[in-house]
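Note sheet for the following structure.
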Amino acid sequence: MNTKYRRAIIGGNWKMNLLPSEIKAYVKKLLPNLPPTRDCEVIICPSFISLGQTISALRGTGVAVAAQNVSEFPSGAYTGEVSAPQLSDIGATHVIVGHSERRIYFGEKDLTVNRKVLTVLEHGMRPIVCIGESGAIRDAGAAEELVSFQLKTALHGVAPQKMRRVAIAYEPVWAIGTGKTATAQQAGDMCAMIRTSIRKIYGARIARSVSILYGGSMNGDNAPELLAQPDIDGGLIGGASLKVEDFCRIISAAIEESAKIYKE
Ligand code: PEP
């Protein structure tokens, strides 16, 4: 992590977990346990149905709220979809785009991911763009090639001045929800490759300002080692974000890591 140039980000992706009636209790438990977050942006990502309620419960606390998905279309006859203007209107500040579960279970393609990134930016929110290879692709030695392709396609048409609002989440599919975390070396190397790819497109100044997160079975135990990698600026956390204690341990690890860099 290098917080001289970019901010640490810890996002909790609740996926399709927690009932709307359970949100109040989660927030009540989270707020007194939350470490002071000046040095780390904390983002909660609930289901659409709980977004408004979570935004109200966290208003004024410094904790941001993200949607887990968005329609690529701004409005119209798209039953069951939720648009970027609708999300922005209720106060969502971030949107997860291209999560592997959307790609795998709902057939989301790279070009759709690109259109979603553009619409999120157009409506003043910040995309957290998820990219990552499957186990089979890694075994075939094609992980870097695929991740680089996903990155370039997702960012196609994103103006340089908007890149400061983009975060990338490297999430190897084989590590998501499996308890099988990438080693710090594997995750660090891929995040470094992602930064190099951004540098090739946008130049060094922008590349060093983009926060790159790791996601895939991150927890309170493995977070310090992962976050110590120079190109890992935070985490997107699934399972471990559902338990306040675990989530807060990861946030503390990010704050500790960013404090180390400040001392240098
Ligand atoms: C995720 O859903 O983005 C994720 C990283 O999940 P988990 O932490 O459960 O692997």
Side-chain angles (χ1 to χ4, degrees), residues 1 8-18 22 26 30 40-48 50-51 54 63-70 92 94-106 108 110 113 116-117 120 126-135 137-138 143 146-147 150-151 154 166-184 186-188 190-191 194 211-227 229 231-254:
M1 186 182 290
I9 299 176
I10 297 294
N13 177 14
W14 289 349
K15 311 192 187 199
M16 203 171 69
N17 295 301
L18 294 188
E22 292 171 324
Y26 183 100
L30 175 71
C40 176
E41 190 166 7
V42 177
I43 308 170
I44 297 286
C45 320
S47 304
F48 282 136
S50 302
L51 259 182
T54 311
V63 179
V65 180
Q68 297 174 12
N69 185 28
V70 64
H94 299 68
V95 183
I96 297 176
V97 179
H99 192 281
S100 62
E101 287 153 13
R102 299 234 38 101
R103 294 177 189 257
I104 295 166
Y105 304 131
F106 302 98
E108 202 162 295
D110 288 298
V113 172
K116 291 185 177 191
V117 169
V120 167
R126 307 171 67 139
I128 302 169
V129 186
C130 300
I131 52 181
E133 81 286 359
S134 65
I137 294 283
R138 177 161 281 263
L146 179 81
V147 169
Q150 289 176 328
L151 177 80
V166 173
I168 307 293
Y170 168 57
E171 301 209 300
V173 176
W174 48 272
I176 296 182
T178 57
K180 196 174 156 195
T181 320
T183 64
Q186 285 171 324
M190 191 62 90
C191 290
I194 290 169
S211 295
I212 302 176
L213 320 184
Y214 166 78
S217 301
M218 196 190 260
N219 57 42
D221 293 332
N222 59 34
E225 202 190 350
L226 287 159
L227 296 171
Q229 291 290 313
D231 286 296
I232 300 183
D233 308 308
L236 188 56
I237 324 297
S241 71
L242 295 171
K243 295 200 190 97
V244 168
E245 299 82 0
D246 292 350
F247 191 48
C248 288
R249 277 183 70 206
I250 300 171
I251 297 165
S252 296

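One-based numbering, in listed order, for ligands and for the atoms of each.
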Would you say [X]'s side chain and [Y]'s backbone share a donor-acceptor pair under 3.5 angstrom?
| X | Y | result |
| --- | --- | --- |
| Asp246 | Lys243 | no |
| Gln68 | Lys15 | yes |
| Ser50 | Pro46 | no |

Any side-chain donor near an acceptor of the partner, Glu133 and Trp174, under 3.5 Å: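 Glu133 vs Trp174: donor-acceptor pair found between side chains.
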Taking all heavy atoms of Ala182 and all of Leu226, pick out the closest pair and write down the distance.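 Heavy atoms only, the tightest pair is O-CD2, 3.9 Å.
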Strictly under 4.0 angstrom, heavy-atom based: which residues surround ligand 1?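 Lining ligand 1 at under 4.0 Å, by heavy atoms, one finds Asn13, Lys15, His99, Glu171, Ala175, Ile176, Gly177, Gly215, Gly216, Ser217, Leu236, Ile237, Gly238, Gly239.
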Against Val70, only a single residue in Val95, Ile96, Val117 fulfils side chain to side chain contact (heavy atoms under 4.5 Å, CB included); can you say which?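 It is Val95, the one option of Val95, Ile96, Val117 that forms the side chain to side chain contact (heavy atoms under 4.5 Å, CB included) with Val70.
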